[in-house]
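Please read the structure below before turning to the comments.
Here is the naming used below: chain letters follow the sequence lines, and residue numbers restart at 1 for every chain. No hydrogens, no waters, no symmetry mates; every other heavy atom, side chains included, goes into these values.
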There are 2 protein chains.
Amino acid sequence: MEQDSNTESLIFDAAKSVFLEKGFDGAKMQNIADTAGINKALLHYYYRSKEKLFDVVFSQILNQFFKKMGEVWETELSIEEKISAFIDTYVDFLLKNPFIPRFVINTLARFPQNAGEVLEGKTNGIFTKMKSILQKIQNDIDKEAAAGQIKPVKIQDLMVNTISLIIFPIIAEPMIKMIFGLNQNDYKNFIIQRKQVIKDLLIRSLKK
Amino acid sequence: MEQDSNTESLIFDAAKSVFLEKGFDGAKMQNIADTAGINKALLHYYYRSKEKLFDVVFSQILNQFFKKMGEVWETELSIEEKISAFIDTYVDFLLKNPFIPRFVINTLARFPQNAGEVLEGKTNGIFTKMKSILQKIQNDIDKEAAAGQIKPVKIQDLMVNTISLIIFPIIAEPMIKMIFGLNQNDYKNFIIQRKQVIKDLLIRSLKK
DNA sequence: TTTGCAATTAACCATTTGGTTAAACTTTAT
DNA sequence: ATAAAGTTTAACCAAATGGTTAATTGCAAA
């Protein structure tokens, strides 16, 4: 799925799939070995322990999650166009990787000690990068606001609004299906149609 | 915390607290017994098995979660006022019960078989109730829209937007703290200030 | 006070789980 | 061809975990 089929990446892919779906506690080493189609001892041969294996997988997913989140903002588009492009690409990304946000959020909640510095090292300073991108967006907003093109907003509010509207319905998929009585297909259409709903909502909030 | 201190409710409270924080897989019976200050065998004496105990706890939490969600909408306020009131009461509720939404969503994702009918029975038909409330709100919206007071919207969109904006920042607390470099106090203020941010965003989206 | 029942506990049990080991198999270099 | 190194496996181990049991304690009715 990810790389060529040497044993190490075979294990990595299996572990990623199992951890993503079940989380650290729910995932069992035997299940990962079975998924990879190899003997359980090989997991330890290549990755030493469950924690170590999880660490590698989690770092990779965290990078994937935030890299995708940072992408669109470094372009030369207007704020409104950036928001629109971000919604499109991030919703598409999540439709292909629906387990990632729940996994990231649960893991961050599960291992609060990993919080700051530890993760920062293992992920090429992903949080520092994130903060610098946010600062840049804030500057863009301030510029456009000063030019009278949009209402001034705090990047924290805009960002949290945006990712809340995008990510929550993915995390809460089972709940949303249940409350509204949707099947898999209804649900997927609902998410796709939400792209426009979210754009309208956010862009309207920037109009003066 | 919840009832008088007979052993049964002592166990229930301990189990609720441990399950809420760690989820089904992460919670250990011994830990629940220790939290309740009683012997592990008593858990089985009163509740037979981990699954049974979890079932009782989960049903109660699910009721709490949705009951609180349904409350405000049955009043005589205008849609805008209802939204505003809902945001206030639900944010306050979540600040006092920050683990509930993550727990509910994870459990629903963890046990998809419980989905429809099973839960419906154990929770006094909470989902049926939910759907009837949603229908009522949709009628109110249609009425106000026909009278030209607001823009017409689908209740599904309005509802998902609202709970996304409210719940996501609670579920993603560790992530938000990390990205924006907030401490516990910063974070709490951020959430409280978001009440107004969310109101502005949603009510603006209803203006013609 | 004694009898009987409910409540509580310490000790135990079987299974699961993360992890290890020693042997076997495969590949590579000489 | 063969030795050495790397790879893979079956069998095993200790700790943790959900659950049981038999004995003990507490308490209310007779």
Checklist entry - Nearest to the side chain of His44(A) - dT8(C), dT20(C), dT8(D)? => result dT20(C)

Next on the checklist: Please pick, from dA10(D), dT8(D), dA6(C), the nucleotide with the shortest atom-to-atom distance to any side-chain atom of Asn39(A).
Outcome noted: dA10(D)

Item to check | Within the 6.0 Å centroid threshold, strictly below: Phe54(B) and Tyr47(B) | outcome: no

Item to check | Side-chain donor/acceptor of Lys50(B) to base of dG19(D), under 3.5 Å | outcome: no

Next on the checklist: In this structure, how many angstroms lie between the P atom of dT25(D) and the CD1 atom of Ile38(B), rounded?
Outcome noted: 19 Å

Checklist entry - What is the nucleic acid contact for Tyr46(A), judged by heavy atoms within less than 4.0 Å: base, sugar-phosphate only, or nothing? => result sugar-phosphate

Checklist entry - Are Phe93(A) and Tyr90(A) an aromatic pair by the rule of ring centers under 6.0 Å? => result yes

Checklist entry - Charged N to carboxylate O below 4.0 Å: is that the case for Arg110(A) and Asp25(A)? => result yes

Checklist entry - dT17(D) P sits how many Å from Lys22(B) NZ, rounded? => result 10 Å

Checklist entry - What residues in residues 26-36 of chain A put a non-hydrogen atom under 4.0 Å from any atom of DNA chain D? => result none

Item to check | Separation of dA7(C) P from Asn6(B) CG (nearest whole Å) | outcome: 10 Å

Checklist entry - Touch check for Glu51(B), heavy atoms < 4.0 angstrom, all strands: base, sugar-phosphate only, or nothing? => result sugar-phosphate

Next on the checklist: Without decimals, in angstroms, what is the distance between Leu42(B) CG and dG26(D) P?
Outcome noted: 14 Å

Checklist entry - How many Å lie between CD on Glu8(A) and C1' on dT8(D), as a whole number? => result 15 Å

Checklist outcome for this item: By nearest-nucleotide position on DNA chain C, the 5'-leaning member of Gly37(B) and Ala41(A) is Gly37(B)

Next on the checklist: Counting the benzene-type ring for Trp, do Phe58(A) and Phe111(A) have ring centres under 6.0 Å apart?
Outcome noted: no

Item to check | Below 4.0 Å: OP1/OP2 of dT8(D) and any side-chain N or O of Thr7(A) | outcome: yes

Checklist outcome for this item: Atom CD1 of Ile11(B) and atom P of dG19(D) are separated, to the nearest Å, by 13 Å

Item to check | Carboxylate-amine/guanidinium proximity below 4.0 Å for Lys82(A) and Asp140(A) | outcome: yes

Item to check | Tyr45(A), nearest nucleotide to its side chain (from dG6(D), dA10(D), dT8(C)) | outcome: dG6(D)

Checklist entry - Can the ring centroids of Phe99(A) and Phe103(A) be said to lie less than 6.0 angstrom from one another? => result no

Checklist outcome for this item: Taken to the nearest 0.5 Å, the spacing of Leu201(A) CG from Leu165(B) CG works out to 7.0 Å

Checklist entry - To the nearest Å, how far apart are Tyr47(B) OH and dG18(D) P? => result 17 Å

Item to check | Nearest-Å distance for atom pair NZ/P, residues Lys40(B) and dT20(D) | outcome: 10 Å

